[in-house]
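Just the heavy atoms: all of them, side chains too, but no hydrogens, waters or symmetry mates, feed the values below. Letters A, B, ... mirror the listed sequences (proteins, then strands); counts begin at 1.
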2 protein chains.
Amino acid sequence: MLYTKSAEYAIQAMIYLAEKNTDDPTMVSEIAEAYEIPRQFLAKIAQTLVKHHLLNAIRGRNGGVKLAKPAKEIYIHQIVYAIDGAPLEHEQCVIGINECSDVAPCPFHHKWKVIREDIREMLMSENLHVLAKRVIEKRNEMSKAMAN
Amino acid sequence: MLYTKSAEYAIQAMIYLAEKNTDDPTMVSEIAEAYEIPRQFLAKIAQTLVKHHLLNAIRGRNGGVKLAKPAKEIYIHQIVYAIDGAPLEHEQCVIGINECSDVAPCPFHHKWKVIREDIREMLMSENLHVLAKRVIEKRNEMSKAMAN
DNA sequence: CATTAAAAGGACAATGTCATCCTAAAAAAA
DNA sequence: TTTTTTTAGGATGACATTGTCCTTTTAATG
């Protein structure tokens, strides 16, 4: 919808690592199992993330991957960019009209522009640290609710 | 992004017909040329729209397609639905977390929910009549601006 | 009735995304 | 040094979307 399945897997994997919050490497197979992502496929995605300096990889026994920088400094749009590539700069009109712009907008233009900026804002403003914290909070709430 | 390329072509074609606002059939090849859509491909899409009772087709010489009902009664979501199929009812979480719901949301959940509803609202509220009118207005403004 | 011009529809080709398989390289442990 | 365990990376397969080709059906016109 907003990004490919591959980018979704990448975000999941990175949140997993941010949650663990350790300096030790984590095996790709562990992450794959946790999120039920095909192992080999996630390995490819991890390779790409390493190339884009979002992950560091340690090869060999006891190896694995870890965040290449603090979770606070990794934003979702960076992950999406790394996997799906740069967003189109001549922002694509929703109904594909060539001359669509603010001056000569397509009939959807203004509504769509607002939505697009909301999405952009969402991807640009959220970092892994915040997301991981929220996931952990939710887990705790869940287990509390279960206990009752 | 919101829908497939095929659905985009379908919307363009239907707006073209709404703009013409005639009861005479329009050849698919004419529409394809106007929007630079592969002719045969648009023909397939038109077939689907006919099956979904959004277009009527007239075969043979002087044939073509036309809107199956007044432009005011055709909403964008109907076109998208016809081409791309029904939207997933168990609305998919943006980061693919299985247990994501209002009660146990994923870390994006609330922001994404709002955006998703804006999109839905946009597709549900806009009909071809309004869109075509806006396109025509824009064209007029454009040609006025050119004249200066 | 034959010709022409349109949509209908089946088959298939091209492309992109998602996924798997297998071998190589690297590093720790036996 | 050999074995084991991990990521790296090339090749290939499965599948969906996009696009093309060709034949059939339908209907107007010569």
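Distances from the side chain of B:Ala57 to the nucleotides C:dC18, D:dG19, C:dA7 place C:dA7 closest. Nearest to the side-chain atoms of B:Arg61 among the listed nucleotides C:dA8, C:dA19, D:dA27 stands D:dA27.
Spacing between atom CD of B:Glu33 and atom P of C:dA6 amounts to 12 Å, rounded to whole angstrom units. Per the geometry, CZ belonging to A:Arg59 stands 20 Å off P belonging to D:dT4, to the nearest Å. The nearest whole Å value for the distance from the CG atom in A:Leu49 to the P atom in D:dG9 is 13 Å. Atom CD1 of A:Ile37 and atom P of C:dT20 are 12 Å apart (whole Å). Regarding A:Asn62, its CG atom lies at a distance of 19 Å from the P atom of D:dT3, rounded to whole Å. Nucleotide C:dT23 holds its C1' atom 13 Å from the CD atom of A:Gln47, rounded to whole Å. At whole-Å resolution of the value, CG in B:Leu42 and P in C:dG9 are 16 Å apart. The distance between atom CD of B:Glu30 and atom C1' of C:dA7, rounded to the nearest whole Å, is 15 Å.
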Short N/O separations, protein against nucleotides 12-14 of chain C, under 3.5 angstrom:
none

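Legend: residues meeting side-chain contact (heavy atoms from CB on, under 4.5 Å) with A:Lys69, ordered by chain and number and at least two apart, are A:Leu54, A:Glu73, A:Ile74, A:Gln78. With sequence neighbours excluded, the residues forming a side-chain contact (heavy atoms from CB on, under 4.5 Å) with B:Glu121 are A:Lys111, B:Ser125, listed by chain and number.
Take the nearest nucleotide of DNA chain C for B:Ala46 and for A:Arg39: the residue whose nucleotide is more 5' is B:Ala46. Each of A:Val28 and B:Pro38 lies near DNA chain D, and the nucleotide nearest A:Val28 is the one positioned closer to the 5' end.
Looking at A:Lys44, its side chain comes within 3.5 Å of the base of D:dG10 through a donor and an acceptor atom. No donor-acceptor contact under 3.5 Å links the side chain of B:Gln40 to the base of D:dG19.
Taking 4.5 Å as the limit, every side-chain heavy atom of A:Ile115 sits out of range of all side-chain heavy atoms of B:Leu2.
Between D:dG19 and B:Tyr9, a contact under 4.0 Å exists linking OP1 or OP2 to a side-chain N or O. A close approach under 4.0 Å does occur between a side-chain nitrogen or oxygen of B:Ser6 and OP1 or OP2 of D:dT18. Of the side-chain N and O atoms in A:Lys51, one or more sit less than 4.0 angstrom from OP1 or OP2 of D:dG9.
Of all the heavy atoms in A:Glu126 and A:Met122, the pair that sits closest is CG-O, 3.1 Å. For B:Val50 against B:Ala57, the heavy-atom pair with the smallest separation is CG2-CB, 3.9 Å. Among all heavy-atom pairs drawn from B:Ser6 and B:Ile83, the shortest one is CB-CG2, 3.6 Å. Contact between B:Ala132 and B:Ala18 at its shortest, heavy atoms only, is CB-CB, 3.7 Å.
Proximity of a side-chain donor or acceptor of A:Lys66 to a complementary backbone N or O of A:Asp23 within less than 3.5 Å is detected.
Within 4.0 Å of B:Ser29, counting heavy atoms only, lies no atom of the nucleic acid at all. If you check every strand for non-hydrogen atoms under 4.0 Å, B:Ala43 touches nothing.
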